[in-house]
2 protein chains.
Amino acid sequence: MKSFFVQLEINPNLYLKDPQKTKLGRKIIEHSVLLIDEIGLEQFNFKKLSDIIPSSEASVYRYFENKHHLFVYLLNWYWEWMIARIELNTLNITDPKVKLRVALGIIVDTANRNMDIEFVDEEILHKIVVREGAKAYHHKLVDEDNGYGFFLSYKELCNKIAAIISEVREDFLYPKALASTLIETANNNLYFARHLPRLTDLSDEGDDQSLNEQVKKMLGFFCFGLIENNSHSDSLIKDMEMRN
Amino acid sequence: MKSFFVQLEINPNLYLKDPQKTKLGRKIIEHSVLLIDEIGLEQFNFKKLSDIIPSSEASVYRYFENKHHLFVYLLNWYWEWMIARIELNTLNITDPKVKLRVALGIIVDTANRNMDIEFVDEEILHKIVVREGAKAYHHKLVDEDNGYGFFLSYKELCNKIAAIISEVREDFLYPKALASTLIETANNNLYFARHLPRLTDLSDEGDDQSLNEQVKKMLGFFCFGLIENNSHSDSLIKDMEMRN
DNA sequence: ATTTTTTGATAGCATTACTATCATTTTCAC
DNA sequence: GTGAAAATGATAGTAATGCTATCAAAAAAT
């Protein structure tokens, strides 16, 4: 089981000074993940972070303009990591259906089978993404952020999965929407099972692996159920008669 | 076209004093919606709100403990409003498939065909829900909030849709997960089409109604595609061979 | 008409989200 | 190893935020 000590390429607009290149920078990333997991994004701030590292507030501000940029940086890290894992694990697979199933597994399961980046605890980062990831793009200034390319990695991840979907069935109507839905549905159901169980059918028995398996199964059901289905065209017709 | 001047029942744990019962309270709700839409949830605060109403910061604090409670209050309003609209519009429908299609239409389309509550602009509230609704439950203290019943209305909405799904096909494995996915997918794709178009296949030509139609069509495709499909059991088997 | 409730105005306080300055330490070139 | 340059730490300061408290004025209820 190999371990990679890669530097992931993150959009430079997200930082003032590349945190991957210095010891302090890496500590900032490492402990941001731990601290956000512990106290949540709203309670997290640069003062608390610098107390823990330990460093000074001013020093953290030399790396990141503000908490939001740091947070989006972490999400980009996660998205890039997902892309890399999907690439690595589908390299030698030719059957697109198998590829797709592997990709679904990777979305759900962050147990680092063969990628491991020194200073980021990917399991914990994944927890943060599941709990609070949507905040990265659900806000008033999304267009501005988007203009700086803050979501390029998410789009790439989506498009990678969408491309596999299209490989399985090239005439599928909604590859990108299905891809984004699968990612969001995976995260939502992991979260719901733990915190709002009446919003899902999956059950959290406290065992991570069992819940992951349930989510994978359901994602596969949704994804292949839609892709391999030939009988929708008729059900679309009944569209007119309602809401008179 | 009737207009209802109903008071929606909102969980009393969300407020200190019932805002629906006083003039000032209703102004708080009305202008919260407008102001959050305008400046976004993060920039919104009670000072700015009270300057606009106009009233005083202290007075707003007499109705809501803090901004988060007010925000969740608005979401509960939205959820209750959706429940009421679904009930009202499916009352006389017996065919569960038709019911389901009507429900999907209601999730997407907030044009008030026959419900209208005096002081809340539902179109704008819907915009807020689409953009920032997920923040209501994606945070560290979700379990505490859940303990106070802050998400009961969302669960009710989900379960109402899940129940219709089960009516259409009682052996469907994931009615609740499908229901929550449909709701979140509707909102996400409305948002993506506008702000992150590479995450969806729908196109925003600036026309609300055209986009709504596309989303409705896609939701129907996803929903009925899954429910009316009989051929998944075999595709589930191929689960073992990967990730060796 | 007066009591009770609601609201407005003001003040205040601890925390947050930064920015600026300058001294000190570390890194790097030679 | 020495000196210059860069990175960090320490401290201070400011404007905004998220409240709480107090008291007087206005509105509503009896």
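Just so we're clear, the structure is a prediction, and the values are computed from it rather than from any experiment. A note on names: the letters A, B, ... follow the listed sequences, proteins ahead of strands, and every chain is numbered from 1.
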Tell me the interatomic distance from [X], atom [atom1], to [N], atom [atom2], rounded to whole angstroms.
{"X": "B:Gln43", "N": "C:dA17", "atom1": "CD", "atom2": "C1'", "result": "12 Å"}
{"X": "B:Ile53", "N": "C:dT6", "atom1": "CD1", "atom2": "C1'", "result": "14 Å"}
{"X": "A:Lys67", "N": "C:dT15", "atom1": "NZ", "atom2": "C1'", "result": "12 Å"}
{"X": "A:Phe64", "N": "C:dT19", "atom1": "CZ", "atom2": "P", "result": "15 Å"}
{"X": "B:Phe44", "N": "D:dG18", "atom1": "CZ", "atom2": "C1'", "result": "13 Å"}
{"X": "A:Asp51", "N": "C:dT16", "atom1": "CG", "atom2": "P", "result": "11 Å"}
{"X": "A:Leu41", "N": "C:dT16", "atom1": "CG", "atom2": "C1'", "result": "14 Å"}
{"X": "B:Leu49", "N": "D:dT17", "atom1": "CG", "atom2": "P", "result": "13 Å"}

Check ion pair B:Lys216-B:Glu213 (N to O, under 4.0 angstrom): yes

Pair A:Asp204 + A:Arg194: basic N to acidic O under 4.0 Å: yes

Reckon [X] touches a base, only the sugar-phosphate, or nothing at all at heavy-atom distances under 4.0 Å?
{"X": "A:Phe46", "result": "nothing"}
{"X": "A:Glu42", "result": "nothing"}
{"X": "A:Lys27", "result": "nothing"}

Residue that, paired with B:Tyr154, satisfies ring pair (Phe, Tyr, Trp, His ring centres under 6.0 Å) out of B:Tyr78, B:Tyr137, B:Trp77: B:Tyr137

Ring pair (Phe, Tyr, Trp, His ring centres under 6.0 Å) partner of B:His69, chosen from B:Tyr15, B:Phe64, B:Phe150: B:Phe150

Interatomic spacing from CG in B:Asn187 to CD1 in B:Ile107 - rounded to 0.5 Å: 8.5 Å

From CZ (B:Phe71) to CG (B:Leu14), nearest 0.5 Å: 12.0 Å

Are [X] and [Y] close enough that their ring centers fall under 6.0 Å?
{"X": "B:Tyr73", "Y": "B:Trp79", "answer": "no"}
{"X": "B:His138", "Y": "A:His138", "answer": "no"}
{"X": "A:Phe222", "Y": "B:Phe222", "answer": "no"}

Axis deviation across the helix from C:dA1-D:dT30 to C:dC30-D:dG1, five-pair ends, to the nearest 10°: 30°

Qualifying residue for side-chain hydrogen bond (donor to acceptor under 3.5 Å, both in side chains) with B:Asn212, from B:Thr110, B:Asp207, B:Asp109: B:Asp109

Just the table, please: protein N/O against nucleotides 27-30 of chain D N/O, every pair under 3.5 Å.
none

Name of the residue among B:Asp208, B:Asp37, B:Asp121 meeting salt bridge (Lys or Arg N to Asp or Glu O under 4.0 Å) with B:Lys127: B:Asp37

Pull out every protein N or O sitting under 3.5 Å from an N or O of nucleotides 8-11 of chain D, one pair per line with the distance.
unit_1	atom_1	unit_2	atom_2	d
D:dT8	OP1	A:Tyr63	OH	3.1
D:dT8	OP2	A:Lys17	NZ	3.3
D:dT8	OP2	A:Tyr63	OH	2.8
D:dG9	OP2	A:Ser55	OG	2.3
D:dG9	OP2	A:Ser59	OG	3.1
D:dG9	N7	A:Arg62	NH1	3.3
D:dG9	O6	A:Arg62	NH2	2.7

For the student: nearest non-hydrogen atoms of A:Asn188 and B:Glu184, plus distance: ND2-OE1, 3.4 Å

Below 4.0 Å: OP1/OP2 of C:dA17 and any side-chain N or O of A:Asn66: no

